[in-house]
Amino acid sequence: MTATRQEAESAADLVPGSSFSARIYEPFLWLGEKSGFRRWRRKLISQVSGSVLELGAGTGLNLAHYPAGLERLVLVEPDVHKARLLAQKTPPEGVSPEIVRAPGEMLPFEDDTFDTVVETLVLCTVADPEKTAAEIRRVLKPGGRFLFMEHVRSDKPRLGRLQDRLENPWKKIADGCHCNRRTVPMLRGSGFEVEVTAEQDKFPMPPVARPIVSGIARPAPVAAGAS
Ligand SMILES: C[S@@+](CC[C@H](N)C(=O)[O-])C[C@H]1O[C@@H](n2cnc3c(N)ncnc32)[C@H](O)[C@@H]1O
């Protein structure tokens, strides 16, 4: 059964976050934004259409890139401190976002609600990526699209092993972020057909948070006879 807004907000209260980490988030990303993230965000967000849900909207770094005239824009953010900063951002003209506090694992929306779900740098942090992927699938309308930008575990053996070793210390300094998630295979295993549209190893981010991948995922058709 779909969670109520109240149940989702109570679950959101359990997601780690602090006023300090919310305040330092944008300064921490400043160089990465200037050197590429902003361009990647613009490109990704310009592809949304119809009724849109952004998962883990954070302090609102994607907000400026939304096109006017969307049917609906819901920004989901569990952390109360980041949600407050998000609410203070001025959206572009013609964009009227609704902010909802909820974790990705428990989205308080009916099945088949959104044409687009989009997220940037969130599947690295959610407590349960598979459950979140299942929720994204559930709330997407048939034919809907999931757009993502993520840092993922490197295929380079040395860097990949380093990311595995640094997972726990990195998690402590980076607000619960896992630097070694295999997000694209996880999405494929969760019933999405995934097209990686861009991959970049050169962002001025710490090597543990590279490469960055961006792509489009669509719910894979369910085989006839499958329940
Ligand atoms: C690295 S920040 C990214 C913020 C924003 N999407 C961006 O690109 O700047 C990770 C975000 O995921 C949110 N988050 C953490 N756990 C979550 C969960 N279980 N469900 C949804 N969002 C979550 C955090 O509160 C934070 O806003």
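Because the structure is predicted, anything quoted here is derived from the model rather than measured. Whatever order the structure lists ligands and atoms in, that order sets their numbers, starting from 1.
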Which part of Thr120 is near ligand 1, with near meaning a heavy atom under 4.0 Å away: side chain, backbone, both or neither? both
For atom 9 (O) of ligand 1, tell me which residue out of Phe28, Tyr25, Trp40 has the closest non-hydrogen atom. Tyr25
Closest heavy-atom contact between Ala3 and Met106? CB-CG, 3.4 Å
Nearest-contact summary for atom 16 (N) of ligand 1 - protein heavy atom, Å: Val15 CG1, 3.4 Å
Are any of the N or O atoms of Glu54 closer than 3.5 Å to those of ligand 1? no
Would you mind listing which atoms of ligand 1 come within a distance below 4.0 Å of any non-hydrogen atom of Leu61? 9 (O)
Can you tell me the protein heavy atom closest to atom 10 (C) of ligand 1 and the distance? Leu121 O, 3.3 Å
Salt bridge (charged side-chain N to carboxylate O under 4.0 Å, His left out) between Glu26 and Lys89: does it pass, once the steps are laid out? CA-CA 13 Å; Glu26 291 195 16; Lys89 285 245 158 81; 2.5 Å; yes
With salt bridge (charged side-chain N to carboxylate O under 4.0 Å, His left out) as the test, would you mind laying out the steps for Glu33 and Arg41 before giving the verdict? CA-CA 9 Å; Glu33 293 296 322; Arg41 290 180 190 281; 2.8 Å; yes
Out of Ala127, Pro78, Pro103, the nearest non-hydrogen contact to atom 22 (N) of ligand 1 is supplied by Pro78
Salt bridge check, Arg138 against Asp112: does any charged N sit closer than 4.0 Å to a carboxylate O? no
Checking a contact table here: which protein heavy atom is nearest atom 12 (O) of ligand 1, and how many Å away? Val122 CG1, 3.8 Å
Tell me: protein heavy atom nearest atom 21 (C) of ligand 1, and distance? Gly104 N, 3.4 Å
Looking at ligand 1, does any of its N/O atoms fall within less than 3.5 Å of an N/O of Gly56? yes
Between Val213 and Trp40 the two heavy atoms that sit nearest each other are C-CZ3, 4.1 Å
Contact atoms of ligand 1, heavy-atom distance to Asp79 under 4.0 Å: 25 (O)
Is Met149 near ligand 1, meaning one of its heavy atoms is under 4.0 Å from it? no
For the residue pair Glu150 / Thr183, report whether a side-chain donor-acceptor contact shorter than 3.5 Å exists. no
Give the atoms of ligand 1, by number and element, whose distance to some non-hydrogen atom of Gly58 is under 4.0 Å. 4 (C), 27 (O)
Specify the protein heavy atom at minimum distance from atom 18 (C) of ligand 1: its residue, its atom name, and the distance to 0.1 Å. Val126 CG1, 3.5 Å
Side chains of Ser21 and Asp175: is there a donor and an acceptor less than 3.5 Å apart? yes
Salt-bridge criterion met for Arg101 and Glu9 (N-O under 4.0 Å): yes
Pairing donors with acceptors under 3.5 angstrom, does anything connect the side chains of Arg210 and Ser154? no
For atom CD of Glu98, decide whether the heavy atoms of other residues, nucleotides or ligands shown that lie under 6.0 angstrom number more than 12. yes
To which protein heavy atom is atom 15 (C) of ligand 1 closest, and what is the distance rounded to 0.1 Å? Thr125 CG2, 3.5 Å
Provide, to 0.1 Å, the distance between atom 27 (O) of ligand 1 and the closest protein heavy atom, together with that atom's residue and name. Glu77 OE1, 2.7 Å
Which protein non-hydrogen atom lies closest to atom 19 (N) of ligand 1, naming both residue and atom, and how far is it? Glu105 OE1, 2.9 Å
Show your working on salt bridge (charged side-chain N to carboxylate O under 4.0 Å, His left out) between Asp111 and Lys141 and close with a plain yes or no. CA-CA 7 Å; Asp111 300 2; Lys141 290 180 188 171; over 6 Å; no
